[in-house]
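Order of listing sets the numbers, starting from 1, for every ligand and every atom in it.
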Amino acid sequence: MRSFGKKIGLVFSDGRVWNRTRRTVLKYLKNFGYGSRAMESIISEECKALINLRLQDAGTTIIVNRMFDVSIVNILWKLVAGKRYNLKDKQLLSLCNLITQSFKVADMSGGILNFLPFLRFIMPNLIGYTELKNIHNTLYDFLKNTIEEHKATIDVHKPRDVIDVFLIESMEHNSPTSDEELQVICLDLLEAGVETVNNTAVFMLLHIVRNDSIQRKLQQEIDAEIGRSRLPTLSHRSSMVYTEAVILESLRISSVAAVGIPHMALEDARIGKYVIPKGTFILLAIHDLHNGPYWKDPEVFRPDRFLTKEGNLIQNDFFMPFGSGKRRCIGEGLARSELFLFLVHILQRFNLKIPGGDPMPCPEPIDGVTLSAKEFGIVFEPRF
Ligand code: HEM
């Protein structure tokens with residue numbers, strides 16, 4: 001339903017289609033700076049724009065739940081579609097809103113629609129089919145227009161972005177990527193890359209605003225390593241282990257990709273006393289793994305659990321927010337760079353306060369394809 005009745009794209013495909021698509025997408029993203037200094041400067045520009053926006057509304061209550069959406073799309077879209085949107089752009093905000101809505105209609109198992117698909121003929125409204133269909137139609141209209149605009153202005157000798165390279169490849173080869181495939185790949189990147197990072201960043205702010213001492217410690221590290229006038233860069237990461245530990249602890253306690261992305265057993269298998277027949281649909285219980293007894297006090301937000309006594313970061317086999325193995329997330333590097341730069345830019349410039357009269361924001365998540373925080377506000381108080 002999400003991919004024109006075919007198993008295409010990156011996130012929900014498998015076998016040869018998946019293999020080819022994953023390799024090609026990564027290659028093309030890297031051609032346009034993915035994982036390089038160019039990527040860092042794109043993230044930095046978006047951080048600066050976000051800080052300017054927060055300076056304009058400093059001192060007032062900001063509902064932060066969708067605060068990073070447009071910045072994150074801009075970072076990804078600069079590589080994929082060569083485009084940037086104003087942080088208040090109405091069309092983009094409404095598209096992000098649609099993605100958020102679609103992530104709440106179902107969960108990663110696909111919900112009732114996935115297990116009893118015939119129900120879409122009997123009660124399409126009740127099981128969310130109609131809503132999902134409408135949302136996907138609008139998202140695909142947007143992507144189709146974006147691809148058409150590229151076709152109209154393309155110069156085959158000067159590809160501008162990932163969409164251009166896919167189109168040129170299609171013109172030059174016998175087994176081209178169809179427009180439908182390209183649309184699904186773009187949707188995969190948007191859906192996998194925006195909600196996950198936004199929701200993690202929002203949970204990170206939530207845990208920080210709930211814990212004054214953690215906020216102070218972060219600001220002390222920022223002041224000591226970067227100061228107030230220098231621009232934060234990714235090179236500061238290696239010396240800012242407490243900040244890194246706060247990011248890891250946010251990824252642990254509020255694991256937004258709670259059950260990862262569905263896998264399938266390719267062969268009959270046995271795990272302990274369980275037999276997993278070939279073809280079984282499998283979800284990873286990432287959120288449970290990260291909040292289970294191994295962590296001793298899993299319900300406490302305690303970044304120090306990721307630090308040794310000497311202050312080095314601890315690698316942990318029980319920690320896999322980006323999955324594991326061949327299908328591991330392709331956006332881990334980007335997501336971690338975004339989380340670091342968002343956090344450091346914000347706390348360099350602002351104290352985060354719970355608005356007077358508001359209760360402490362609640363870390364209990366809302367269920368969905370990715371977990372999200374319940375609505376809460378923050379006052380951004382300039383530090384200087
Ligand atoms: C905090 C942010 C993120 C989290 C927690 C996250 C988590 C995950 C997880 C758990 C998986 C499934 C891995 C598995 O099955 O083993 C995954 C897959 C994926 N992620 Fe992310 N992700 C994040 C950000 C991103 C970003 C920024 C992008 C965009 C570039 C992205 C693109 C993808 C794609 C395309 C896949 C499917 C890979 C495949 O099936 O080959 N993710 N992610």
Side-chain angles (χ1 to χ4, degrees), residues 2-3 7-30 32-35 39 42-43 46 68-69 71-81 99 103 107-109 162 181 184-205 244 246-266 281-290 319-343 365 368-373:
R2 188 180 163 279
S3 50
K7 227 187 218 186
I8 49 178
L10 178 48
V11 175
F12 295 108
S13 63
D14 54 34
R16 281 182 51 229
V17 172
W18 165 76
N19 206 334
R20 179 176 50 84
T21 311
R22 181 164 168 131
R23 267 190 296 116
T24 319
V25 168
L26 272 172
K27 187 170 96 185
Y28 291 172
L29 280 170
K30 281 182 189 153
F32 289 96
Y34 190 70
M39 183 92 247
I42 298 170
I43 305 175
E46 288 308 321
F68 301 94
D69 274 349
S71 314
I72 298 166
V73 174
N74 277 344
I75 293 163
L76 206 56
W77 234 224
K78 182 93 183 146
L79 308 186
V80 175
I99 297 178
F103 272 38
D107 59 31
M108 227 354 141
S109 74
V162 172
E181 249 179 300
V184 178
I185 291 170
C186 290
L187 186 68
D188 282 348
L189 290 173
L190 261 189
E191 289 195 336
V194 179
E195 283 282 318
T196 46
V197 180
N198 177 76
N199 295 358
T200 305
V202 169
F203 273 120
M204 190 162 69
L205 296 188
E244 283 290 321
V246 168
I247 294 169
L248 297 180
E249 180 67 342
S250 306
L251 285 162
R252 179 195 70 79
I253 200 166
S254 301
S255 304
V256 299
V259 288
I261 291 176
H263 284 240
M264 184 177 69
L266 292 175
F281 180 92
I282 297 167
L283 295 163
L284 280 172
I286 297 179
H287 190 277
D288 287 352
L289 177 69
H290 290 170
F319 181 63
M320 47 174 83
F322 298 95
S324 171
K326 278 191 190 170
R327 305 277 313 220
R328 194 184 168 102
C329 176
I330 65 162
E332 174 173 357
L334 171 60
R336 291 179 67 158
S337 304
E338 288 175 331
L339 292 171
F340 178 83
L341 289 175
F342 285 146
L343 177 60
V369 171
T370 51
L371 303 183
S372 53

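Among S255, G193, G9, the residue whose heavy atom lies nearest to atom 29 (C) of ligand 1 is G193. When A192, S254, S13 are ranked by how near their heavy atoms come to atom 25 (C) of ligand 1, first place goes to A192.
Looking at I253 and F203, their side chains never come closer than 4.5 Å, going by heavy atoms from C-beta outward. Contact of the S71 side chain with the F342 side chain is registered, since non-hydrogen atoms from C-beta on lie closer than 4.5 Å. Residues V80 and F32 are not in side-chain contact: their nearest non-hydrogen atoms beyond the backbone lie 4.5 Å or more apart. With contacts defined as side-chain heavy-atom distances shorter than 4.5 Å, the pair E195/I72 does not qualify. Residues L187 and R2 have side chains in contact (heavy-atom distance under 4.5 Å, counting atoms from C-beta outward). Contact annotation: the side chain of K7 never approaches that of F12 to less than 4.5 Å [non-hydrogen atoms, C-beta and beyond]. Side-chain contact between E249 and R252 is present, with at least one heavy-atom pair separated by less than 4.5 Å.
Residue contacts with ligand 1 include H263, since one or more of its heavy atoms lies under 4.0 Å from the ligand.
In the vicinity of W18, heavy-atom distances shorter than 4.0 Å reach the ligand 1 atoms 39 (C), 40 (O), 41 (O). Each of the following atoms of ligand 1 lies closer than 4.0 Å to a heavy atom of T200: 1 (C). Less than 4.0 angstrom separates some heavy atom of I286 from each of these atoms of ligand 1: 10 (C). With ligand atoms numbered from 1 in the order given, ligand 1 contributes 38 (C), 39 (C), 41 (O) to contacts under 4.0 Å with heavy atoms of R22. Ligand-side atoms of ligand 1 in range of P321: 5 (C), 7 (C), 10 (C), range being under 4.0 angstrom from any heavy atom.
In terms of polar-atom proximity, defined here as any N/O pair under 3.5 Å, R327 does make such a contact with ligand 1.
Here the CG-CE distance, from L343 to M204, works out to 4.5 Å after rounding to the nearest 0.5 Å.
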(request) Using the side-chain contact (heavy atoms from CB on, under 4.5 Å) rule, take L371 and N199 through it: C-alpha gap first, then chi angles, then the decisive distance, then the call. (result) CA-CA 7 Å; L371 303 183; N199 295 358; over 6 Å; no

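At a heavy-atom distance under 4.0 Å, only backbone atoms of S324 (N, CA, C or O) approach ligand 1. Contact annotation: for L10 versus ligand 1, heavy atoms closer than 4.0 Å belong to both the backbone and the side chain. If you look at I72 next to ligand 1, there are no close heavy atoms at all, none under 4.0 Å.
At the shortest separation from atom 21 (Fe) of ligand 1 among protein heavy atoms lies C329 SG, 2.3 Å. With respect to atom 6 (C) of ligand 1, the closest heavy atom belonging to the protein is F322 CD2, 3.7 Å. The single protein non-hydrogen atom nearest to atom 23 (C) of ligand 1 is T196 OG1, 3.5 Å, given as residue, atom name and distance.
Side chain of D188 to main chain of L10: a donor-acceptor pair is present (N/O by atom type, distance under 3.5 Å, no hydrogens or angles).
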